[in-house]
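Here is the structure we will look at, set down as structure tokens.
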Amino acid sequence: MRRLLIKKNPVFFLFLLITTSSLTILIFSLLRLPESPPIIITGKLRADLSDELGFFGNTMVEMLPEDLVFTAFVPSEKAFNRDLGMTKPNNTRKSKSLEDEENTYAVVSRILGFAVVPYRVEEVDVGKDETASYESLSGFTLKIWRKSRNGGGLVVNGVETEKMGLKRGKIMVHIMDGVIMDSDFAQSVASSDTTPQDEDEPKP
């Protein structure tokens, strides 16, 4: 009698088939739930990389899309402070927070243009006693060669690597003991560090 009902009522048969398929998919989905922990690991890696890069380095790398290949020669936090006079913003200075944020973004964007290439560059990509040339995002030429001392590494336009091979998505990050920039920008940084004395300052 049931066979006759199914044959005479194809709609009922289709409903039964869809229900069975849905239940099967649901069961398999529940069985696959234990495979989710890698998401937590990824978050931990991101936090660790942020600690390695420091405030300005992390700001710089976050400007790049993670799904495209880049190599970023990121100045260390010490280099940002020493060579550019940049210090991590103080949250207590709310009156200048917006201005500081805009200035920081502008400077870091310029450094990104000089110090990022749209290729993957590792130590093995540079031959011994050879100098490789890469064009940065801003068209600035980077001359890269291997360090001959202190355990290896790379030298980029005279600036040595401190730590190599950090990754965020498809982005390769090398932390540098200095800031890669062209002569014009270096001159503008040097001139901004020279502040004239206030004319109204009382003479001793």
(request) Determine, step by step, whether Phe185 and Ile180 satisfy the side-chain contact (heavy atoms from CB on, under 4.5 Å) criterion, reporting the C-alpha distance in whole Å, the side-chain angles of both residues, the deciding distance to 0.1 Å, and the verdict. (result) CA-CA 10 Å; Phe185 189 71; Ile180 298 169; over 6 Å; no

request  = Answer yes or no: is there a side-chain heavy-atom contact under 4.5 Å between Thr71 and Tyr134?
outcome  = no

For Val69, the hydrophobic cluster (side chain heavy atoms closer than 4.5 Å, chained through members) also holds none

For Ile171 and Pro65 the tightest heavy-atom approach is CD1-O, 3.8 Å

Open item on the list: Before you tell me yes or no, could you show the steps for Leu53 and Lys163 under side-chain contact (heavy atoms from CB on, under 4.5 Å), namely the whole-Å CA-CA distance, both residues' side-chain angles and the distance that decides it to 0.1 Å?
Closed with: CA-CA 10 Å; Leu53 293 174; Lys163 191 165 187 175; over 6 Å; no

Note: Ser109 and Met63 closest approach over all heavy atoms is OG-CE, 3.6 Å

So CE of Met181 and CZ of Phe140: to nearest 0.5 Å the spacing works out to 9.5 Å

Look only at the side chain of Asn81 and the backbone of Met86, and say whether a donor-acceptor pair between them is shorter than 3.5 Å.
yes

In sequence, state the C-alpha distance, the side-chain angles, and the governing distance for Lys170 and Phe70, and then conclude on side-chain contact (heavy atoms from CB on, under 4.5 Å).
CA-CA 7 Å; Lys170 294 184 178 181; Phe70 294 100; over 6 Å; no

Item to complete: Taking the side chain as every heavy atom from C-beta outward, state whether Val74 and Glu52 have any pair of such atoms under 4.5 Å apart.
Response: no

Between Arg168 and Asn58, is a side-chain contact (heavy atoms from CB on, under 4.5 Å) present by the stated rule, with each step listed?
CA-CA 10 Å; Arg168 175 174 289 176; Asn58 192 58; 3.0 Å; yes

Shortest non-hydrogen pair, Glu162 vs Ser76, comes out as OE1-CB, 3.7 Å

Residues Val159 and Val179: closest non-hydrogen pair is CG2-O, 4.2 Å

OG1 (Thr131) and CG (Leu142) are apart, to the nearest 0.5 Å, by 12.5 Å

Using side-chain heavy atoms (C-beta onward) and a distance below 4.5 Å, is Thr87 in contact with Phe55?
no

For Ser183, the side chain to side chain donor-acceptor pair (under 3.5 Å) test, sequence neighbours excluded, returns none

>> Taking Met172 as the starting point, is it possible to reach Met176 by hopping between hydrophobic residues whose side chains are less than 4.5 Å apart?
In response: no

Lys78 meets the salt bridge (Lys or Arg N to Asp or Glu O under 4.0 Å) criterion, sequence neighbours left out, with none

For Val155, the hydrophobic cluster (side chain heavy atoms closer than 4.5 Å, chained through members) also holds Trp145

Residues Ala79 and Asp177: closest non-hydrogen pair is CB-C, 4.3 Å

Under 3.5 Å, is there a donor-acceptor pair between the side chain of Lys147 and the main chain of Thr161?
-> yes

Between side-chain atoms of residues 110-127 and protein atoms elsewhere (two or more places apart, or another chain), which donor-acceptor pairs fall under 3.5 Å?
residue	atom	partner	partner atom	Å
Glu123	OE2	Gly153	N	3.3
Asp125	OD2	Glu122	N	2.8

Residue pairs meeting ring-ring contact (aromatic ring centres under 6.0 Å, His included), one or both in residues 155-174, sequence neighbours left out, come to Phe73-His174

